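Read the structure below first, then the notes.
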Amino acid sequence: MAVVLPAVVEELLSEMAAAVQESARSTGSRLKFLFGSSATQALDLVDRQSITLISSPSGRHVYQVLGSSGKTYTCLASCHYCSCPAFAFSVLRKSDSILCKHLLAVYLSQVMRTCQQLSVSDKQLTDILLMEKKQEA
Amino acid sequence: MAETLRRVLTRDGAAWSGEENTAAAGPPLLLLGAPGSGKTALLFAAALEAAGEGQGPVLFLTRRPLQSLPRGTGTTLDPMRLQKIRFQYPPSTRELFRFLCSAHEAPGPAPSLLLLDGLEEYLAEDPEPQEAAYLIALLLDTAAHFSHRLGPGRDCGLMVALQTQEEADSGDVLHLALLQRYFPAQCWLQPDAPGPGEHGLRACLDPGGLGPRTEWWVTFRSDGEMMIAPWPTQAGDPSSGKGSSSGGQP
């Protein structure tokens, strides 16, 4: 049950994978056109190896992205969620962005097959997922 | 899940075509309707349908135990199917989060269908949109994980019921917009009838781009059994139901 990205994004990501080795600048421009500054920032995050795929023996996994501010954000790739404020605002509230830069970075790293990998226990994964739920006042 | 619901809806009515792919549950589905519009009954009917398919257990999450088991669309509640439905009653949003976050730790076979009734109650506790988005995303992620555990070619369906109000406040509107982003398929239930003197519910199923919108007429007999038929339409006018013949009646 994969997340359904707009077809144009899917297509672009596949082209990105093909083009990345040749550093095709045209694909990069289209990426920037579609996503604005998020594209440059997302590519930057990928370059800096800021994305970590955390998985447990159960097969369940989650992504964490080290943002430019030094803060770590949690992304669920299966269904399109990021814990960053930009996602909450631009994607959810205002609906004028398709993705935040962290989610874009995650999808790019999936397609380019480049990200850090971290294995944790099932229990630790539960804790990581629960951490996103803010403590009650 | 839209596929499973469509199978529930089509079983009594139109021809049961051979193209059914029982392994496919379809996209996650959101069931919407006012209080008393039959959401729980339809959710439970889907649970019985999936339990009967033998693909795996069914997980039914709800805040409170059901007062009485809805009858579904069969003549009797098959105990073999009932046994396959596991009920869980997370009493609070926090407990629901805990349940979803630890779903991968649970032993035993992965369910083939995950159902949640009364999402509005859990969302009401946490009005902040980001928390609501995380809860919804976790529901989808949990179903995705179960799908992965079921193996190639098999899916865990997801169906969530949300109560809507006549007078929606801004919080409700935001939650609904959020849900519609995450749930490609939706089914609206509202009291309606195809003709004068008739009663029941109109179920409008939108599979989210995978097929046309279809409408169904749901009624409950005095013994509680649910009857489903395609919403009778005049040729070329899908919204007209008045004066139609009883061709579609169960």
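Quantities reported herein were computed from a predicted structural model and do not represent experimental measurements.
- Considering all non-hydrogen atoms of both residues, B:Tyr134 and A:Leu76 come closest at CE1-CD1, 4.0 Å.
- A heavy-atom distance below 4.5 Å is not found between the side chains of B:Ile136 and A:Tyr81.
- Open room surrounds NE2 on B:His148; 12 or fewer heavy atoms of other groups in view lie less than 6.0 Å from it.
- The minimum heavy-atom distance linking B:His104 with A:Ser58 is given by the pair CB-OG, 3.4 Å.
- Contact count versus chain B (heavy atoms, under 4.5 Å) is highest, among A:Ser121, A:Gly59, A:Pro85, A:Pro57, for A:Gly59.
- In terms of heavy-atom proximity, A:Ala88 sits nearest to B:Gln130 at CB-OE1, 3.0 Å.
- Heavy-atom distances place no part of B:Ala177 under 4.5 Å from chain A, backbone and side chain included.
- For A:Cys75, no part sits under 4.5 Å from any heavy atom of chain B, backbone or side chain.
- If you measure heavy-atom distances from B:Leu135 to chain A, you find no contacts under 4.5 Å at all.
- Nearest heavy-atom pair across A:Cys79 and B:Ala137 is SG-O, 3.3 Å.
- Contacts with chain B were tallied for A:Ser56, A:Cys82, A:Ser83; A:Ser83 has the most, counting heavy-atom pairs under 4.5 Å.
- Residue B:Ser102 holds its OG atom at 7.0 Å from CG of A:Leu130, rounded to the nearest 0.5 Å.
- For the residue pair A:Thr126 / B:Glu105, a side-chain donor-acceptor distance below 3.5 Å is found, with atom types taken as modelled.
- For the pair A:Arg60 and B:Thr142, the minimum side-chain heavy-atom distance is below 4.5 Å.
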